[in-house]
Amino acid sequence: MSAAKNLTAEQLQKVFFDHQEKDVSMKHIAEDCGLSSSRELAAALSDLLQIPLIEIPEEFHIERDVLEQVPEVISRRYTLIPFEQKDKHSLTLVMANPLDLDALDTVRFQTKLEVHRAVGVEEEILALINKSYKQEAYIEEGLQDIVSLENMGVDMDLDEPLRVELDQLKDLANDMPVIRFVNLLLMGAIRDRASDIHFEPAEKSISIRFRVDGVLREVTPPPRTLYAAITTRLKILSELDIAEHRLPQDGLFKFKVHGRVIDVRVSVLPVAHGEKVVLRILDRDSLLVDMADVGFDPPMLKDFKQILENPNGIILLTGPTGSGKTTTLYSALSHLKCPERNIQTVEDPIEYLIDGVNQTAIRPQIGLDFASCLRSILRQDPDIIMIGEIRDLETAQIATRSSLTGHLVLSTLHTNDAPSSFSRLRDIGVPSYLISATVRLVIAQRLVRLICPRCKTQFTPSSEKLELISRICPDAAKWSFFHGAGCIDCQQTGFLGRSGIFEFMRVSDHIRGLISKDRNSTELRNEAIASGMESLAFNGLMKVKQGLTTIDEVLHVTQQL
């Protein structure tokens with residue numbers, strides 16, 4: 001231990017600082033400090049920080065109520081474990097790196113307790129994490145298996161078969177046929193421009209479906225007997241617990257195809273006949289950075305860019321999940337970013353990374369929600385703030401205050417049309433005078449599928465459809481209409497790609513006055529249309545007139561059918 005005794009606090013902190021952005025082991029840090037092992041490093045940290053050094057015997061067991069204070073994902077991320085709780089107000093952590101302030105803050109957020117540090121040997125902490133968290137999963141799941149096997153007259157050891165089964169499943173998941181199937185499926189999803197892959201188990205079969213241009217379609221599934229191995233493979237890739245089948249899990253992994261980095265967000269949900277897995281494909285290269293590509297017509301795009309140049313105010317995008325709001329927000333941020341502006345986002349989750357924009361993901365499991373994150377962001381001197389969604393009064397209040405104090409705020413709401421946004425904000429609890437003083441623009445948005453250019457064919461719609469759209473566009477009978485006949489490019493669907501249609505509601509002085517008087521959505525809609533606003537249906541039918549999409553597509557997404 002002579003090298004450890006000669007180590008100063010300044011030398012130790014410098015080594016840790018040099019490695020703080022790198023994922024390196026304590027053994028590597030110990031070598032940089034001139035020590036022979038991570039055990040010597042733990043002893044040096046104990047001496048210099050005057051905190052206990054905990055040696056963890058192999059047979060040590062953590063009480064269940066103590067272990068439940070800190071989720072496994074946090075323990076693994078920071079190589080720490082809750083060790084003991086002497087009273088209801090405090091918790092002792094054994095940490096491989098007791099200098100990690102982010103780890104301490106994370107546990108404080110999670111537990112709302114006073115946290116005391118102890119230092120341990122990295123290898124011993126990892127072994128205890130593996131044993132302690134896995135043990136809880138084995139106990140309940142194992143009891144169910146034991147009961148069913150006992151009913152069949154099977155005589156068994158209470159622990160070993162479960163471990164053998166997991167080991168066999170892991171081996172099968174890492175076999176080349178399963179790896180090859182998963183890789184080919186991911187490559188097929190990228191080739192077909194899929195946004196999601198759904199794995200769904202039934203009693204005697206499974207289905208796999210791609211979501212392409214907003215519509216799910218089936219692909220050829222593997223045998224039902226391989227489903228457990230495939231889901232285990234996906235869990236391994238996204239660093240999820242392969243022993244957990246009772247609770248939902250979420251994870252993330254990356255892969256490369258043709259030189260492109262693809263992010264895959266993984267959601268696992270227990271269902272009647274196993275676990276349903278949904279993969280969200282996040283292709284960084286598919287992110288639209290040019291606002292003109294989103295689908296705005298030239299006059300609307302010009303107005304949008306003009307409003308974005310305001311130094312303050314709130315811009316809202318509305319629509320259901322999957323309507324393209326996030327893509328529109330990202331394209332606006334890409335347009336706004338420059339060295340003279342500090343742009344900060346709060347998202348759930350971060351869909352794509354944009355160079356030049358500071359992006360933060362909320363983490364509700366440790367208390368980092370939209371409101372608490374926004375309070376910290378306001379101390380970061382932002383010029384522009386993007387909030388993934390306004391969900392509650394506290395977030396809405398921070399957004400309006402930020403607007404009033406000189407910030408441009410972009411966010412989303414879940415409403416069916418633009419005028420309903422003001423009623424939604426009032427329902428959340430925002431006073432009408434604040435809404436009228438801060439909101440500058442509301443854009444309602446939907447996505448329509450575009451006709452495949454290769455098989456685009458002119459046709460004549462039914463008289464009933466013509467009569468229906470003529471109520472919105474009186475000159476519709478004079479238009480030429482097209483649809484896709486189906487070809488290899490569009491997988492016989494007749495559609496290839498999507499574009500936005502919009503309801504662009506600029507808050508004029510007259511509308512601002514109506515908002516202050518608590519006028520309802522119908523009155524606001526009528527006034528906005530009288531002032532020149534196009535409804536979603538009208539804007540969509542203009543794309544029909546241009547030969548870009550079909551009548552049925554517009555009427556379907558605008559709920560006019």
Taking [X] for its side chain and [Y] for its backbone only, find out whether a donor-acceptor pair lies under 3.5 Å.
X      : Y      : value
Glu553 : Arg449 : yes
Glu244 : Arg246 : yes
Thr345 : Met386 : no
Asp175 : Val178 : no
Ser205 : Ala202 : no
Ser372 : Gly367 : yes
Asn520 : Thr522 : yes
Lys235 : Val268 : no
Thr457 : Cys455 : yes
Lys337 : Ile343 : no

Which atom names give the shortest non-hydrogen contact between [X] and [Y], and what distance separates them?
X      : Y      : result
Gln492 : Gly486 : OE1-C, 3.4 Å
Phe482 : Gly547 : CD1-CA, 4.0 Å
Ile398 : Ala371 : CD1-O, 3.5 Å
Leu447 : Val557 : O-CG1, 3.5 Å
Pro270 : Pro248 : CD-N, 3.8 Å
Ala537 : Ile472 : CB-CD1, 3.9 Å

_What verdict does the side-chain contact (heavy atoms from CB on, under 4.5 Å) test give for Val442 and Phe422, after you've listed the backbone C-alpha separation in whole Å, the side-chain angles of each residue and the deciding distance to 0.1 Å?_
CA-CA 9 Å; Val442 182; Phe422 306 105; 3.8 Å; yes

*Determine, step by step, whether Ser423 and Ser521 satisfy the side chain to side chain donor-acceptor pair (under 3.5 Å) criterion, reporting the C-alpha distance in whole Å, the side-chain angles of both residues, the deciding distance to 0.1 Å, and the verdict.*
CA-CA 7 Å; Ser423 300; Ser521 299; 3.0 Å; yes

Looking just at side-chain N and O atoms, do [X] and [Y] make a donor-acceptor pair shorter than 3.5 Å?
X      : Y      : value
Glu389 : Ser411 : no
Thr360 : Gln344 : yes
Ser432 : Ser516 : no
Glu200 : Tyr227 : no

*With Asp196, which of Arg265, Arg280, Arg209 fulfils side chain to side chain contact (heavy atoms under 4.5 Å, CB included)?*
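Going through Arg265, Arg280, Arg209 one by one, the side chain to side chain contact (heavy atoms under 4.5 Å, CB included) with Asp196 is satisfied by Arg280 alone.
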
Any side-chain heavy atom of [X] sitting closer than 4.5 Å to one from [Y]?
X      : Y      : value
Arg391 : Asp369 : no
Val409 : Ile387 : yes
Leu393 : Thr395 : no
Leu279 : Phe210 : no
Phe495 : Cys490 : no

*Taking NZ, NE, NH1 and NH2 as the nitrogens, is one of them in Arg424 or Asp427 under 4.0 Å from a carboxylate oxygen of the other?*
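Looking at Asp427 together with Arg424, the answer is no, because their closest N to O distance does not fall below 4.0 Å.
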
*Are Arg341 and Glu309 close enough for a salt bridge, meaning some N to O gap below 4.0 Å?*
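Salt bridge between Arg341 and Glu309, a charged N being under 4.0 Å from a carboxylate O: yes.
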
*Over 60° means perpendicular and under 30° means parallel, so classify the ring planes of Phe502 and Phe296, tilted if in between.*
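If you compare the ring of Phe296 with that of Phe502, the planes turn out parallel.
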
*asked:* If you count heavy atoms of other groups shown closer than 6.0 angstrom to CD of Glu523, is the number above 12?
replied: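 Above 12, so yes.
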
